[in-house]
Novice: 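My questions will all concern the structure given below.
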Amino acid sequence: MDVSELLDGLNDKQRDAVAAPLQNMLVLAGAGSGKTRVLVHRIAWLMQVEQASAYSVFAVTFTNKAAKEMRNRVEETLKAPVGGMWIGTFHGLSHRILRAHHREAQLPESFQILDSDDQLRMLKRLLKAMNIDDKKWPAKQFGWYISAKKDEGLRPKDIQAYDINEQMMLKVYSAYQEACDRAGLVDFAEILLRCYEVLKNNPTLLRHYQQRFAHMLVDEFQDTNTIQYAWLKLLAGNTNSIMIVGDDDQSIYGWRGAKIENIKRFLTDFSAETIRLEQNYRSTATILKASNALIQNNSERMGKSLWTDGNEGEPISIYAAFNELDEARFVSSKLRSWLNAGNALQDAAILYRNNAQSRVLEEAMLQEGLKYRIYGGMRFFERQEIKDALAYLRLVGNRQDDAAFERVINTPARGIGDKTLSHIRDCARNESLPLWYAAKAIVEQQHLSGRAAGAVSKFIELVEHIEDKISDLNLEEQAKYTIQTSGLMAMYQAEKGEKGRARVENLEELISACDQYELPEDEEFNSPLQGFLAYTSLESGDGQADEHEDAVQMMTLHSAKGLEFPLVFMVGVEEGMFPSQQSNEESGRLEEERRLCYVGMTRAMEKLYVSHAESRRLYGQEKYHSPSRFLREMPEDCIEEIRIKTQVSRPPATGRFSASVSHAAFEESGFNLGQRVLHAKFGIGTVLNYEGSGAQSRVQVNFDDLGSKWLVTAYARLQAI
DNA sequence: GTAATATACATTTTT
DNA sequence: TGTATATTAC
């Protein structure tokens, strides 16, 4: 392959990054500036020009999807498979190191991974055992605390608890950690922290990896947290060249520990050069102009301004809806026109701030007969039936896995109730035994009633039988046999309705996933099953089928990061929704909300619609939100206010919460709830409610002509009739 | 063990 | 308001 091909079609800045000398580098890559392309070409360049071996390349991403894409594109570019190259997620790569050095990490060879759900169950169990009131101390809080501390690289011994609250947190953290260690379990944060510690405490090992990975690349660096940064720094050592790619303006995960300041820290810690990619190949000039203007309201930016040599495009359309139903209907009708104009639905996306907003939209799509696909939600390997099956397989491979034991001991129901279980738990705690061995001991010591003892020993026999039987089978047969013999299949087959059918299908899907699974050759697993189990924990499985069906994409703004669509709707752009209520001025999270808005806007390639609703039913109550400040931050010449044509025009556009009808005036005027009233524009209706006081009061009227759904806030010009 | 009823609670999410 | 989970009743 001709080396110059690697630089062809790149702009100057991209070329600078790809062909830079071996040094530490920050590529500040704006949205749509071709950063993946740069990363991929850089790897190819290292191999072709710098004679780097595939073994020396280490590339880190946050998601499996990104890792997969990078690998594919590298292979495409080099026109050859690249074995030996480490491309993966922070967790995936750390896990790989832990597997290879489980002894140094003080983990059993068959250690298993706890996902957040497992972690929560584990904590709940622990809290019960420790007699901690679940009401006063919710398990979730502990989970959050533990993960946050681990993300900071802190073990219980590193933490000083100054108040009672933290003392409690610490106590549970310690107990939880002990329980995990005993059971050979690691949670997500533990994977990173444990890997970091292993490397740090084993200089020889560290040197080995430092020497091997001469070329490190990191994607989405603005999302790294403390431990990830420390881990990278450790691996990079003093001599390796590391290229990080990121965009401080797209940092939207501060709430889960990401440290935006890691980018700046990198510049000093690694004395790195900065290259800015500001040419955008995605959006129209108008969309970019508005996005740039918006993000300029943030302080402490590293500074970057996107530009394009493309078309100006259409203005951004802003729609003020009466309420969330109107908003949804607006979106669906626009999508209908889009489809009728010969476009594909899958080229359109609806973005919202929180998942709860999807429902009304979903209903509107259904009504309009438009196919849609909602991102997020339950993933394949997180489903109940799948986790049940995996728990059997885990227990077969690792009898110490208490989490798996708890999950399947009475699934399907085999007459082992709470009482028997607490016997087992007590014994396990007293003797410091894994639950499995405690159960065995209890049966042997005949501490149980006949029936319970029978049930428990039958369970023990079952697991041992499965282990015995599947040892010579291939992975697919192992899964099949386990799902059948455990009785899971029968149990879900007996479950009636659509749900049961779907679960059976999922179990079958799991078996075929086993069939398709390929054990990575260069990773150290003691069995294919071991590899598959790790795979299911680290790769939650994209889940939904029908991916090829033409459908509108619906997702939160967060999950839209990295994607692009010709047509984008950003809905619910109201104060209190976006920026969200809890991200107000005092919280110090406003800038992150603004970045989120920036991310949303820059998803749009051709056309962007932004909408807000004047009234919105939220948690059973009608809320009145003013348009988001973000709307005001978009330059006027980039936007166009639109309204749909109905017989009814909108209420006055501005000052709508001010005092045309004050509370006092309203009462004085003799209006009552249920009163029939006439509005100059909306016609006749019934007064439903009025609330607030003085200049803030609002009157809600249900207008006859608008249908019962149209609850409109009428601000003035009401006449009693 | 399941079904009915009470209660809490409600950004954002990958691994 | 609607959902997920906990508790209680059968």
Side-chain angles (χ1 to χ4, degrees), chain A residues 60-67 88-96 113-121 124 128 133-136 138-140 144 147 150-151 186-193 195 220 223-225 227-228 251-258 324 351-360 375-379 381-382 384 410-419 491 494-496 534-543 555-562 572 576-584 587 589 592-593 595-597 599-600 616-623:
Chain A
V60 198
T61 64
F62 274 86
T63 66
N64 291 303
K65 197 172 151 208
T89 62
F90 280 95
H91 291 85
L93 299 176
S94 298
H95 171 253
R96 188 167 171 182
I113 299 163
L114 284 184
D115 68 18
S116 352
D117 182 56
D118 299 329
Q119 186 188 39
L120 194 66
R121 285 160 170 273
K124 279 187 180 160
K128 213 169 235 169
D133 183 7
D134 194 71
K135 288 256 160 55
K136 209 167 156 214
K140 269 195 187 145
W144 180 84
S147 301
K150 288 186 179 181
D151 284 348
V186 294
D187 58 45
F188 287 133
E190 184 72 22
I191 295 177
L192 297 175
L193 180 52
C195 180
E220 305 274 21
D223 291 337
T224 53
N225 62 28
I227 191 68
Q228 286 160 342
S251 162
I252 55 176
Y253 287 110
W255 52 275
R256 64 175 200 211
E324 78 278 13
L351 311 181
Y352 34 81
R353 178 66 240 266
N354 66 30
N355 291 115
Q357 289 171 264
S358 69
R359 209 170 59 240
V360 212
Y375 280 68
M378 198 52 86
R379 288 184 167 69
F381 293 125
E382 286 168 2
Q384 178 190 307
N410 200 31
T411 311
R414 47 173 70 87
I416 300 173
D418 270 348
K419 230 171 137 194
M491 170 179 133
E495 194 172 317
K496 49 202 176 303
Y535 163 78
T536 61
S537 307
L538 288 174
E539 172 119 39
S540 39
D542 284 333
M555 66 193 83
T556 63
L557 286 149
H558 280 90
S559 31
K561 195 171 77 152
M577 295 289 291
F578 189 27
S580 78
Q581 194 56 239
Q582 37 273 80
S583 306
N584 53 19
S587 70
R589 292 161 167 170
E592 185 155 305
E593 292 286 301
R595 292 194 288 268
L596 190 56
C597 185
V599 167
R616 180 181 295 277
R617 214 168 173 72
L618 212 60
Y619 309 137
Q621 272 186 320
E622 208 82 6
K623 296 278 183 189

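Below, chain A is the first sequence line, B the second, and so on; all start at residue 1. Side chains are part of it too, since the values below use all heavy atoms of this structure and drop only hydrogens, waters and symmetry mates.
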Novice: Please determine whether a side-chain nitrogen or oxygen atom of Thr89(A) lies at a distance below 4.0 Å from atom OP1 or OP2 of dT15(B).
Specialist: no
Novice: Could you tell me how far dT3(C) sits from dT14(B) if I compare only their C1' atoms? Round to whole Å.
Specialist: 24 Å
Novice: Mind checking the CZ-CG spacing from Phe381(A) to Asp117(A)? Nearest 0.5 Å is all I need.
Specialist: 15.0 Å
Novice: Can you see if the side chain of Arg256(A) gets near the phosphate of dT15(B) - specifically, an N or O under 4.0 Å from OP1 or OP2?
Specialist: no
Novice: Using a heavy-atom cut-off of under 4.0 Å over every strand shown, decide if Glu593(A) touches base, sugar-phosphate, or nothing.
Specialist: base
Novice: Between Thr556(A) and dT13(B), does any side-chain N or O lie under 4.0 Å from OP1 or OP2?
Specialist: yes
Novice: Counting only side-chain heavy atoms from C-beta out, which of dT1(C), dT15(B), dT12(B) sits nearest to Tyr619(A)?
Specialist: dT1(C)
Novice: Search all heavy atoms of Asn410(A) against all heavy atoms of Gly415(A) and return the closest pair with its distance.
Specialist: OD1-N, 3.4 Å
Novice: If you compare every side-chain N and O of Asn355(A) against the phosphate oxygens of dT13(B) (OP1, OP2), does one of them come in below 4.0 Å?
Specialist: yes
Novice: Heavy atoms from C-beta onward define the side chain here; which of dT13(B), dT15(B), dT11(B) lies closest to that of Gln582(A)?
Specialist: dT11(B)
Novice: Calculate the interatomic distance between Tyr375(A) atom OH and dT14(B) atom P; express it in whole Å.
Specialist: 12 Å
Novice: Give one of base, sugar-phosphate or nothing for Gly415(A), where a contact means two heavy atoms less than 4.0 Å apart.
Specialist: sugar-phosphate
Novice: So, under a plain 3.5 Å distance rule, would you say the side chain of Ser116(A) forms a donor-acceptor pair with the base of dT15(B)?
Specialist: yes
Novice: How long is the line joining CG of Leu192(A) and P of dT14(B), in whole Å?
Specialist: 16 Å
Novice: Measure the distance from CG on Leu120(A) to P on dA4(C) and round it to the nearest whole Å.
Specialist: 15 Å
Novice: Which pair of heavy atoms, one from Ser537(A) and one from Ile113(A), lies closest together, and at what distance?
Specialist: CB-CB, 3.6 Å
Novice: Hey, which of these two, Ser580(A) or Ser537(A), hits DNA chain B nearer its 5' end, going by closest nucleotide?
Specialist: Ser580(A)
Novice: So, taking the atom named NE2 in His95(A) and the one named CZ in Phe188(A), what distance separates them when rounded to the nearest 0.5 Å?
Specialist: 10.5 Å
Novice: Please state the C1' separation for the pair dT11(B) and dA6(C) - nearest whole angstrom.
Specialist: 24 Å
Novice: How many whole angstroms separate atom CE of Met378(A) from atom P of dT15(B)?
Specialist: 15 Å
Novice: Between dT13(B) and dA4(C), how far apart are the two P atoms, rounded to whole Å?
Specialist: 15 Å
Novice: Are the ring of Trp255(A) and the six-membered base ring of dT12(B) within the stacking cut-offs of under 5.5 Å and under 30°?
Specialist: yes
Novice: For a side chain to side chain contact (heavy atoms under 4.5 Å, CB included) with Phe62(A), tell me which candidate from Gln228(A), Lys561(A), His91(A) qualifies.
Specialist: Gln228(A)
Novice: Given atom CD1 of Ile227(A) and atom C1' of dT14(B), what is their separation to the nearest angstrom?
Specialist: 17 Å
Novice: Give a yes/no answer on whether the side chain of Lys124(A) brings an N or O atom under 4.0 Å of OP1 or OP2 in dA6(C).
Specialist: yes
Novice: Using whole Å, report how far CD of Glu220(A) lies from P of dT15(B).
Specialist: 12 Å
Novice: Touch check for Phe62(A), heavy atoms < 4.0 angstrom, all strands: base, sugar-phosphate only, or nothing?
Specialist: sugar-phosphate
Novice: What's the CD-P distance between Glu622(A) and dG2(C), to the nearest Å?
Specialist: 13 Å
Novice: Is it the case that the base of dT12(B) and the side chain of Arg589(A) share a donor-acceptor contact (distance under 3.5 Å, atom types as modelled)?
Specialist: no
Novice: Does a side-chain heavy-atom distance below 4.5 Å link Tyr352(A) with Met577(A)?
Specialist: no
Novice: Applying a 4.0 Å non-hydrogen cut-off, can you work out what Asn64(A) is touching in the nucleic acid: base, sugar-phosphate, or nothing?
Specialist: sugar-phosphate
Novice: Which nucleotide, dT11(B), dT3(C), dT14(B), lies nearest any side-chain atom of Arg359(A)?
Specialist: dT3(C)
Novice: Could you tell me whether the side chain of Arg617(A) has a donor or acceptor atom within less than 3.5 Å of a complementary atom in the base of dT1(C)?
Specialist: no
Novice: For Glu382(A) and for Gly620(A), locate the closest nucleotide of DNA chain B by heavy-atom distance; then report the residue assigned to the nucleotide nearer the 5' terminus.
Specialist: Gly620(A)
Novice: Nearest 0.5 angstrom please: Leu93(A) CG to Ile191(A) CD1, how far?
Specialist: 11.0 Å
Novice: Without decimals, in angstroms, what is the distance between Met555(A) CE and dT14(B) P?
Specialist: 11 Å
